[in-house]
Amino acid sequence: MNRTRLRALLLAALVPAVLLLSGCAGQQRYEASFLTLFDTVTTVVGYADSEEAFQAEAQSIREALLEYHQLFDIYHTYPGMNNLKTVNDHAGKEPVKTDRRLIELLLLCRELYEQTDGRVNAAMGSVLSLWHEARTDGLADPAHAALPDAEALREAAAHMDFDDVVIDEEASTVWLRDPAMRLDVGAVAKGYAVGEVCKTAPAGLLVSVGGNVCATGGKPDGGAWVVGIQSPDGGDNYLHTLQLTEGAVVTSGDYQRYYTVDGVRYHHIIDPETLMPAGSWRCVTVLCADSGIADGLSTALFLLSREAGQALLERYGAEAMWVTPDGEELFSPGFGQAVRS
């Protein structure tokens with residue numbers, strides 16, 4: 001994953017260092033970063049009376065996010081935990097009893113599957129794994145980069161019906177009826193984890209996990225955080241900066257995870273109808289009170305027409321900005337109210 005391109009940049013990083021230390025209401029500004037969660041960079045920013053107090057808060061957030069990272073992991077198992085890989089490994093065999101937090105995430109995935117007519121589909125892991133393997137091999141050996149086999153993609157697509165995901169809330173179990181089905185919650189997981197952790201985090205923090213940014217309240221002086229929307233053309237350029245005191249900002253784009261085959265760039269957001277990377281938008285940024293829904297909506301809107309995406313935004317009380325392949329910016333009616341510059 002290209003961490004530099006993926007993150008939603010914080011404008012504070014561009015402010016002279018003397019201002020970073022000026023603090024609010026007698027407190028100083030601190031920042032902590034972690035590199036191992038969800039295969040991306042996690043940043044926690046806030047104000048505190050001392051560095052020790054802030055680091056204790058940041059470490060608590062890291063530990064909580066680590067639990068979600070392990071629960072939602074599809075590649076590794078962990079002692080004493082039935083995570084998403086455990087569920088996938090038992091596909092077609094038997095229900096797996098798992099943590100309530102994973103049950104809640106999969107219930108949200110089912111809701112998004114239904115609300116987006118299957119465009120956001122956590123059950124298409126078999127398809128996504130073929131693209132992941134091709135991308136990994138292509139990045140390791142660009143001269144021999146290749147697309148996934150078309151027939152293999154079609155075969156995998158026969159095993160992504162979310163109705164075959166059986167969730168028993170009372171028993172806290174998940175069962176994949178189809179032995180060839182695999183779950184992949186990458187379209188929702190980071191945003192959901194950030195949102196859940198922020199619900200119990202101290203007020204007045206800004207938490208970013210790979211561009212999924214969530215605020216637990218404004219700064220101590222009552223001011224808003226300023227979050228930058230990175231240009232899809234790369235570098236440290238911003239399309240806009242947004243003011244954020246509560247809720248989440250999430251961006252999905254074609255510049256975040258990709259590889260090149262015969263001079264053509266193929267990104268990671270796969271349309272379940274075509275089994276190919278979607279091409280209608282360069283990026284979509286969503287503002288929403290709920291971080292998990294914001295994450296899911298950013299993927300959904302990337303796959304939908306503007307009209308269908310706007311209807312979905314209204315259903316969830318969210319706002320968005322689309323960027324077309326030729327660079328035109330389109331706003332939902334209320335998005336401009338959060339734009340600072």
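Just so it is clear, the structure is predicted and the values come from calculations on it, not from any experiment.
In this structure, Arg101 pairs ionically with Asp99, as a charged nitrogen and a carboxylate oxygen lie closer than 4.0 Å. Between Arg282 and Asp233 there is a salt bridge, since at least one side-chain N of the basic residue sits less than 4.0 Å from a carboxylate O of the acidic one. Note on Asp271 versus Arg119: salt bridge recorded, some NZ/NE/NH1/NH2 to OD/OE distance being below 4.0 Å.
Judged by a 6.0 Å distance limit and a 45° cone about the ring axis, Arg265 is positioned over the six-membered ring of Tyr258.
Between the CD1 atom of Ile74 and the CG atom of Asn83 there is a distance of 10.0 Å, given to the nearest 0.5 Å. The distance from atom CD of Glu319 to atom OG1 of Thr285, rounded to the nearest 0.5 Å, is 13.0 Å. Note: Leu139 CG to Arg257 CZ = 11.5 Å, rounded to the nearest 0.5 Å. Between Leu66 atom CG and Thr36 atom OG1 the span is 6.5 Å, to the nearest 0.5 Å. How far CG of Leu128 is from CD1 of Ile269: 11.0 Å, rounded to the nearest 0.5 Å.
For the residue pair His240 / Glu329, a side-chain donor-acceptor distance below 3.5 Å is found, with atom types taken as modelled. Counted by atom type alone, Asp73 and Tyr78 present one or more donor-acceptor pairs between their side chains at under 3.5 Å.
With a 6.0 Å radius and a threshold of 12 heavy atoms from other residues, nucleotides or ligands, Asp141 has its CG atom above the threshold.
The aromatic ring centroids of Phe302 and His267 lie less than 6.0 Å from each other.
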Show the numbers, then the answer: is there a salt bridge (charged side-chain N to carboxylate O under 4.0 Å, His left out) between Arg135 and Glu133?
-> CA-CA 5 Å; Arg135 185 171 65 250; Glu133 181 179 354; over 6 Å; no
